[in-house]
Each structure stands twice: as C-alpha cells, then as structure tokens.
Undergrad: 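Handing you this structure, nothing more for now.
Naming convention: chains lettered A, B, ... in sequence-line order (proteins, then strands); numbering from 1 in each chain.
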Amino acid sequence: AQSVTQLDSQVPVFEEAPVELRCNYSSSVSVYLFWYVQYPNQGLQLLLKYLSGSTLVKGINGFEAEFNKSQTSFHLRKPSVHISDTAEYFCAVMLTGGGNKLTFGTGTQLKVEL
Amino acid sequence: GAGVSQSPSNKVTEKGKDVELRCDPISGHTALYWYRQRLGQGLEFLIYFQGNSAPDKSGLPSDRFSAERTGESVSTLTIQRTQQEDSAVYLCASSSSMNTGELFFGEGSRLTVL
C-alpha cells in the first residue's frame, strides 16, 4: 500500500523568505503526486500535480514542486512567501494503475510572519 | 452554488446517538469521496463512489459507518451509535473523470461526540 510522510508538522517562516515543505512517499508501483492547500476556514484545493513529463511542476500562487523518483520525494517550494500563504499544505499520492483514491499525508502548517 | 456543499457544518451529539452527514457534489461529477480529518492528523480515506460501480468501502473504520449515494448526486454518511473517537471533521469531495486527482472539497462537517 502507498503512504505519504510529511516530516514537518509546522514551518514558521518570515515574509519574503524562501520555503520548502518536504514530502516523501512510499509505493511499490508508480504514482501520481499532488499538493493540496487548505486556507483558514476554507476547503482543500489543488495546488499542483505531477502526472508525467517534466519532473518540475508549477502550480498556483508561485509554488512549484519537483518529483525525485530516486529519493521518492515531492518537495514543495516557493522562493518568496507572502503572509497570504499561511495555510496547511497536504501532500498526496494516487496509484497510476487504476482507481482514483488519494492517500494524504498528515499536513504541514505554514505560518508566515512579518 | 457551484462548489461541493456539506451539511451540517457543525454537529454536536451525545455518545450512542446516530448522525447523518450530507454532501452535495458538483453537478456532473461522477466521483464522490468521504474523508475524515481528526485533530492533528491527516485526511483518512473512508469511502469512494464512482458512477454506478460498487463503492470502495475499504476505509470505513467499523460497521457503524455506512454511506449511500443516489445516482451521481447527493451522498449521505451515517454513523450509528457514535463514540467519542468519531469526533472529527468529515470532508466530502467530488471529481470528474477529466482531471486526474483533482478533487473539489467541501468545507466539511465538524462532528463532536460528547
């Protein structure tokens, strides 16, 4: 069975600083990878996804993530964060072989401070 | 509205009572998911409906949990004889077959079992 590990439960960062939110996955078969974001008092929404092709994917709000198959990682990065990026970020995987079930990590709370 | 709608947004109940949570997916979305989010934990998959196929119930934690979906519309998650460990936010999501892994989430139903 597939699983997702987000090692950092909380990441504090100052505004305009770069940030990296880590995600590692485990699966015996190939997977699709996703990052979702949950802003305060809102539902989760898709930030970006990797299905195939270029391992560097760009999402909304200036975020990007890189799929590294050898390290089974899909870390999320932003070169300069804004206060409005304060939210909870979830990494997720889906098996490519069928079924549309997403397995989520435990989430990382990004807190951007002035 | 155009998004996924869930009701009630908040439910407080006594241990042993039954509860029903409702989800209205986005019109035209063939897939519907229920997830559970306990405090400080990731999203836990409960059940997945895809069109007229048999639902994937592999995530239901016990036989006290059940869910139904009428065609490609409304779904109801029922928890019988609620226990305190059932306290969580129950999230519903829907998706179309056109966009792999892009789930549209509702804002959730927060269940508190006293």
Undergrad: Less than 4.0 Å between a side-chain N and a carboxylate O, is that true for B/D86 and B/R64?
TA: yes
Undergrad: Among A/L46, A/L44, A/N41, which residue has the highest count of heavy-atom pairs closer than 4.5 Å to chain B?
TA: A/L44
Undergrad: Which region of B/S53, side chain (C-beta onward) or backbone (N, CA, C, O), has a non-hydrogen atom less than 4.5 Å from a non-hydrogen atom of chain A, or is it both or neither?
TA: neither
Undergrad: Indicate whether the side chain of A/T108 and that of A/Q6 have a donor and an acceptor atom separated by less than 3.5 Å.
TA: yes
Undergrad: Going by atom types only, do B/Q37 and B/Y35 share a side-chain donor-acceptor pair under 3.5 Å?
TA: no
Undergrad: Is A/L51 close to chain B through its backbone or its side chain, or both, or neither, when contacts mean heavy atoms under 4.5 Å?
TA: side chain
Undergrad: What part of B/Q6 lies closer than 4.5 angstrom to a heavy atom of chain A: side chain, backbone, both or neither?
TA: neither
Undergrad: Applying side chain to side chain contact (heavy atoms under 4.5 Å, CB included) between A/F74 and each of A/V4, A/V93, A/V57, A/N68, report the one that passes.
TA: A/V57
Undergrad: Is it the case that the side chains of B/E102 and B/S95 hold a donor-acceptor pair, with the cut-off being a distance below 3.5 Å and no angle test?
TA: no
Undergrad: What pair of heavy atoms forms the shortest contact from A/T103 to A/S3, and how long is it?
TA: CG2-CA, 4.4 Å
Undergrad: Check this for me: does any side-chain nitrogen of one of A/R77 and A/E66 sit under 4.0 Å from a carboxylate oxygen of the other?
TA: yes
Undergrad: For chain B, which residues of residues 16-40 of chain A have at least one non-hydrogen atom nearer than 4.5 Å to it?
TA: A/Y32, A/F34, A/Y36, A/Q38
Undergrad: Heavy-atom distance under 4.5 Å between the side chains of B/L103 and A/L102, does that happen here?
TA: yes
